[in-house]
Colleague: 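The following block contains the structure, expressed as structure tokens.
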Amino acid sequence: MADQLVKTKQSGRAPSKAYQPQQIEQKWQKRWEETGLYRRVEDPSRPKHYALTMLPYTSGDLHIGHWYAMAPSDAKARYMRMHGYNTFFPVGFDAFGLPAENAAIQHNIHPHQWTMDNVEHMRGQLRAMGAMWDWEHEAITCLPGYYKWTQWFFLKFYEEGLAYRQEAAVDFCPHCNTTLAREQVWGEDRHCERCGTPVIKRELEQWFFRITDYADELLEDLDTIDWPERVKIMQRNWIGRSPGARVTFTSEQGDPIEVFTTRPDTLWGATFMVLAPEHPLVAKLTADECRAEVEAYVAQSIRQTEIDRLSLEKEKTGVFTGAYAVNPVNQERIPIWIADYVLMTYGTGAIMAVPAHDERDFAFALKFGLPIIPVIERPDGVAKSVVYPGSVPEKLAELLRAEGIEFQAKAVGELGDGLFVTLRGDAQIDRYVALLRDNLQPGYWSEIVGARWLFVFEDGIEALSSVEQDRAILARCIALNPLVIANRTVMEMLHGVPFYRDVLYHAEYGDMIHSDAFTGRPGDTAKDDVIRWLEEQGSGQAEVNYRLHDWLISRQRMWGAPIPMVYCDRCGVVPVPYEDLPILLPDDAEFLPTGESPLRHHEGFLNTTCPACDGPATRETDTMDTFMCSSWYHYAYISPYHEGDVPFDPEAGRYWLPVDQYTGGIEHATMHLLYTRFFTKAMRDLGLVDFDEPMLRLFCQGMILGEDNEKMSKSRGNVVNPDEYVSTLGADSVRAFLMFIGPWELGGSWSSTGIEGIHRFINRVWSVVVESQGASSEGDASDADMAALRRITHQTIRDVTRDYEAFKFNTAQASLMKFNNYLMKVQNTPVVTTEAWTEAIRSLTLMIAPIMPHVAEELWERAGGAYSVHDQRWPEWDEELAADEVITLVVQINGKVRARIDVPADIDEQEAREHALAHENVQRFLEGLQIRKLVYVPGRLVNIVAN
RNA sequence: GCCGAAGUGGCGGAAUGGUAUACGCGGUGGUCUCAAAAACCAUUGGAGAUUUGCUCCGUGUGGGUUCAACUCCCACCUUCGGCACCA
């Protein structure tokens with residue numbers, strides 16, 4: 001304590017007894033900066049830890065959502081640092097993007113100025129958080145030293161064939177005046193991710209990255225990284241790998257029509273084809289008599305994709321082209337239709353329709369009266385049949401019952417009762433068919449549908465096995481019962497019976513039927529067998545399709561990294577030489593109220609000379625998607641604005657890369673988190689890095705909501721301003737409260753009373769530590785009291801350590817509160833003078849340090865610790881010291897708690913039984929009962945089973 | 001429609017087969033004070049009783065497995081997120 005007094009005198013002013021967050025937070029932030037506490041050090045002898053939180057956009061104001069994302073991330077980085085890891089925790093800014101341009105238009109300020117003003121303001125706000133950021137490795141994506149490398153990546157990708165330019169129907173936001181990547185189009189109404197305006201389709205020449213080249217690797221390597229399962233699932237779904245086959249059909253005129261199918265085993269059930277309205281063969285195939293109708297449909301569907309996708313009518317539409325194709329497996333002649341449910345952007349833009357085994361084709365076929373022929377057996381073996389009144393003698397019901405066949409007698413219209421039969425399995429179906437054959441009255445038929453497709457007539461049985469059979473069966477049915485004449489197909493007739501509807505169509509794998517030589521082929525090999533046979537026949541081959549599209553990176557915006565390409569009338573598209581990078585954005589751009597990119601009209605930017613022929617040429621005026629910048633920022637942090645041949649210092653990169661722990665919002669699951677993985681794989685193939693994945697571990701936090709449990713928004717008026725709370729309760733309270741709300745991954749609601757509770761907790765920690773300094777007491781502490789204190793100290797270290805490991809800051813703090821409550825209870829007893837107390841205070845201070853770095857540093861100093869608490873080793877627990885001496889033995893009778901007995905922790909089973917049975921309340925309940933069994937869970941409970 | 005997460009006191013939440021409601025907020029009573037605030041102490045799921053260390057009910061709903069279920073299995077309901085004619 002003498003040290004304390006000396007220190008106090010030296011500082012010239014007595015340190016406050018009260019906790020004054022504003023004072024100590026400023027004091028320590030200054031000291032940390034002056035001493036370079038968080039500056040990165042290169043020390044290859046120590047294990048490194050690269051901790052990273054998603055970089056903020058330069059919106060100009062740090063809101064509580066940023067705190068919620070960053071403070072826990074900082075706490076974990078600090079925890080790792082205290083475990084001896086050489087920890088790198090950088091920060092920077094995502095600084096390109098549309099808001100800067102909007103500000104330019106509205107306030108007549110250059111985007112650069114607007115952005116850098118915001119950066120300056122946000123830096124101050126970020127510093128107030130007291131995070132351990134290494135500001136010397138800050139990177140801002142809109143500075144030339146940064147975007148020079150973003151452009152460099154574009155050129156490298158172009159060289160590698162990963163960047164290409166193509167005219168395509170792309171998503172365009174009319175409000176932002178730019179194209180968007182598919183991932184940036186959200187929701188059912190397909191609106192712009194940024195501004196919410198519904199997007200339209202535009203035919204434009206745009207630059208794309210071949211992310212699909214890496215589709216399989218992006219999929220497979222998910223298994224190698226420690227990421228949340230929900231993110232992996234989203235990426236898997238987004239990539240959407242579909243293995244199948246490409247099969248060539250031929251039009252009657254001889255044009256090959258390629259289709260992609262995941263179900264080549266259903267080829268024999270293809271009863272028609274459908275082309276997308278934009279399919280290039282449509283005009284050629286269309287028969288003259290159908291041309292007017294086809295052209296009208298094509299025009300209408302193009303208009304629909306452009307204007308209102310909102311009215312997503314589920315009802316299928318389409319028209320017949322008048323043309324026919326030949327099915328390569330059975331030479332069947334099948335009609336060719338066009339319909340907008342077939343998308344030009346997936347597969348080949350044409351499909352074979354197998355209505356019996358595809359829900360969409362089924363609906364289409366039913367609507368347009370196209371034949372539906374089942375070719376895959378139902379795996380569940382269920383078949384149905386309706387026996388019409390009068391078609392069989394009454395005794396049939398008896399016979400069915402005798403066979404154990406399930407049926408219900410129900411009225412059919414006004415005809416009387418019919419039998420609604422459900423059959424399970426081949427044996428039942430066979431017996432049922434035999435019964436029908438024996439009992440069917442003249443002039444009737446009966447059908448079995450589902451597992452089999454049989455029509456029992458007086459003179460024989462017909463199967464629905466081909467289009468010819470479909471016509472023949474329908475004709476016979478109409479002859480017997482003219483009421484069914486309105487049906488165009490057998491399936492349409494069957495669909496008229498509601499009882500049948502759930503067995504008419506299925507999309508499962510199963511044994512092949514009605515498929516020539518393949519009939520009977522089992523479902524588990526059918527698909528592969530057919531693909532092999534197609535390959536032998538030369539009519540198809542295995543193919544994999546992906547839902548993932550190539551990444552559209554062109555943006556018709558000014559505030560982004562210019563695409564380093566030049567257009568020359570003589571040489572065409574020419575890349576800018578590396579030595580000319582960066583292609584700078586002009587600082588005198590004129591912003592038009594239309595929002596159109598000023599680069600298009602900026603003579604100085606636009607006009608250049610061709611790098612190949614030196615002739616006049618024009619620059620590409622589109623800039624790159626800002627996700628380009630954020631795909632490699634964690635490499636930029638290694639050595640910001642690097643000067644050299646490559647984007648970052650390879651030497652430093654070898655030590656620090658890859659990122660060990662990444663944290664951020666889940667909203668980037670299929671955008672940033674997929675793009676950055678693609679970048680890393682492409683960089684590896686360029687020889688820039690020698691690993692496959694950029695971030696080894698990922699944690700996604702939830703969203704912070706307003707006090708009313710709603711998403712924070714200005715219009716709701718529930719926005720929480722962190723600066724206000726920082727100035728009153730202090731940054732430590734804001735940090736700690738955000739980490740106390742609940743599990744980080746689930747998010748939670750702000751609470752103005754909740755943060756006061758946390759503030760009280762910090763005050764209590766403060767008073768326990770400060771007031772016990774130099775405390776004295778009368779008498780000595782007992783061994784038992786010291787042991788008890790050490791026990792809770794070590795138990796707390798154990799629990800808190802485990803919680804930090806799992807990002808469970810809420811329960812870590814709960815344990816710390818419990819611990820502190822205990823310390824408050826015993827601080828006026830003699831233990832306060834013991835080593836055990838010193839250990840307890842020291843451990844407490846160390847354990848709060850990651851969450852409340854300022855107050856921990858202050859208390860550490862006041863307790864005589866050497867600067868800095870953040871350089872100390874994390875406390876370790878001793879299992880023996882943490883072990884309980886006394887446990888509460890729970891005694892249950894038939895699973896209900898009847899007694900709780902305090903017993904020594906090392907009690908053996910025999911003693912536990914005796915204690916349990918001897919208890920008064922237990923005996924009361926056992927009266928008159930016979931003990932059947934006794935379950936003993938060591939150290940926990942005894943359950944007596946009695947009756 | 002498909003995929004995923006969640007549902008526990010008045011509120012945020014804890015407990016991943018073994019004492020349901022840790023910790024915090026809010027409430028109630030008290031100490032201190034002329035008074036109030038702050039702080040501290042006690043108490044706080046519901047119902048009941050013969051009110052010692054008592055009983056019953058209770059983790060979205062309905063079943064099941066188990067000596068024992070918030071926890072595992074089956075079916076369903078609600079909320080939130082993602083995808084949505086992807087052949």
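Per chain, numbering begins at 1; letters A, B, ... match sequence-line order.
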Colleague: Measuring only the C1' atom in each nucleotide, how far is B:G4 from B:C23? A whole number of Å is fine.
Modeller: 30 Å

Colleague: Write down the distance separating the P atoms in B:C3 and B:G10, rounded off to the nearest Å.
Modeller: 35 Å

Colleague: Could you check how far CG of A:N237 sits from C1' of B:C2, rounded to whole Å?
Modeller: 9 Å

Colleague: Does a donor on one side chain sit under 3.5 Å from an acceptor on the other, for A:Q300 and A:D340?
Modeller: no

Colleague: Under a plain distance cut-off of 3.5 Å, with no hydrogens placed, do A:S749 and A:N709 share a side-chain donor-acceptor pair?
Modeller: yes

Colleague: Just checking A:F208 against A:H549, ring centres under 6.0 Å apart?
Modeller: no

Colleague: In terms of side-chain heavy atoms of A:R924, which of B:U19, B:U55, B:C57 is nearest?
Modeller: B:U55

Colleague: With rounding to whole Å, what would you report as the distance between B:U79 and B:G60 at their C1' atoms?
Modeller: 11 Å

Colleague: With a 3.5 angstrom cut-off on both distances, give the Watson-Crick or G-U wobble partner of B:G81, or none if there isn't one.
Modeller: B:C3

Colleague: Does B:U55 pair with anything, Watson-Crick or G-U wobble, both distances under 3.5 Å, and if so, with which nucleotide?
Modeller: B:A47

Colleague: How long is the line joining CG of A:D799 and P of B:A14, in whole Å?
Modeller: 15 Å

Colleague: Of all the choices, B:A87, B:G18, B:A15, which nucleotide is nearest to the side chain of A:S242 once you look at every atom?
Modeller: B:A87

Colleague: Let me know, please, whether A:I901 or A:N545 comes out on the 5' side of the other along RNA chain B by nearest nucleotide.
Modeller: A:I901

Colleague: Quote, to the nearest angstrom, the C1' distance that separates B:U8 from B:A15.
Modeller: 10 Å

Colleague: Tell me if the CD atom of A:Q20 is crowded by more than 12 foreign heavy atoms within 6.0 Å.
Modeller: yes

Colleague: Where the side chain of A:N921 is defined as all heavy atoms beyond and including C-beta, which of B:C83, B:C23, B:U55 is the nearest nucleotide?
Modeller: B:U55

Colleague: Whole angstroms only, please: what is the CZ-P distance between A:F925 and B:C56?
Modeller: 5 Å

Colleague: Closest to the A:P743 side chain: B:C3, B:A14, B:A87?
Modeller: B:A14

Colleague: Picking from A:F249, A:F368, A:F364, what satisfies ring pair (Phe, Tyr, Trp, His ring centres under 6.0 Å) with A:F272?
Modeller: A:F364

Colleague: Whether A:R236 and A:E229 form a salt bridge (side-chain N of Lys/Arg under 4.0 Å from carboxylate O of Asp/Glu) is what I want to check.
Modeller: yes

Colleague: Given B:C2, is OP1 or OP2 found less than 4.0 Å from the side-chain N or O atoms of A:R236?
Modeller: no

Colleague: A:M234 has a side chain; which of B:G82, B:C57, B:C23 sits nearest to it?
Modeller: B:G82

Colleague: Choosing from B:A87, B:A20, B:G24, which nucleotide comes nearest the side chain of A:V897?
Modeller: B:A20

Colleague: Roughly how many Å is it from CD in A:Q923 to C1' in B:G53, rounded to a whole number?
Modeller: 15 Å

Colleague: Using the ring of each side chain (for Trp, its six-membered ring), is A:F627 parallel, tilted or perpendicular to A:Y675, with breaks at 30° and 60°?
Modeller: tilted

Colleague: Could you check which of B:G13, B:C83, B:G24 has an atom nearest any side-chain atom of A:W238?
Modeller: B:C83

Colleague: On a whole-Å scale, what distance lies between the P atoms belonging to B:A22 and B:A14?
Modeller: 13 Å

Colleague: What's the CD1-C1' distance between A:I233 and B:G82, to the nearest Å?
Modeller: 11 Å

Colleague: Mapping A:L746 and A:T753 to their closest nucleotides on RNA chain B, which lands nearer the 5' end?
Modeller: A:L746

Colleague: Counting Watson-Crick and G-U wobble pairs only, both distances under 3.5 Å, name the nucleotide matched with B:A38, or none.
Modeller: none

Colleague: Is there a Watson-Crick or G-U wobble partner for B:A14 with both distances under 3.5 Å, and if so, which one is it?
Modeller: none

Colleague: Could you give the distance separating B:G17 and B:A68 at their C1' atoms, to the nearest angstrom?
Modeller: 8 Å

Colleague: Over how many whole Å does the gap from A:N821 atom CG to B:A39 atom C1' extend?
Modeller: 14 Å

Colleague: If the P atom of B:U21 is compared with that of B:C54, how far apart are they to the nearest Å?
Modeller: 14 Å

Colleague: Under a 90° cut-off about 0 for the syn range, is B:G24 syn or anti?
Modeller: anti

Colleague: Which of these nucleotides, B:C67, B:A87, B:C23, is closest to any side-chain atom of A:K818?
Modeller: B:C23

Colleague: Nearest whole angstrom, please: distance from the P of B:C67 to the CG of A:N943.
Modeller: 10 Å

Colleague: Side chain of A:V890, heavy atoms from C-beta onward: which of B:G18, B:A87, B:U19 has the nearest atom to it?
Modeller: B:U19

Colleague: Given the C1' atoms of B:G9 and B:G46, what is the spacing between them in whole Å?
Modeller: 9 Å

Colleague: Whole angstroms only, please: what is the CG-P distance between A:L941 and B:G17?
Modeller: 14 Å

Colleague: Counting only heavy atoms not in A:K711 (residues, nucleotides, ligands), do more than 12 fall under 6.0 Å from its NZ?
Modeller: no

Colleague: Nearest to the side chain of A:R900, heavy atoms from C-beta on, is which of B:G4, B:U19, B:A15?
Modeller: B:U19

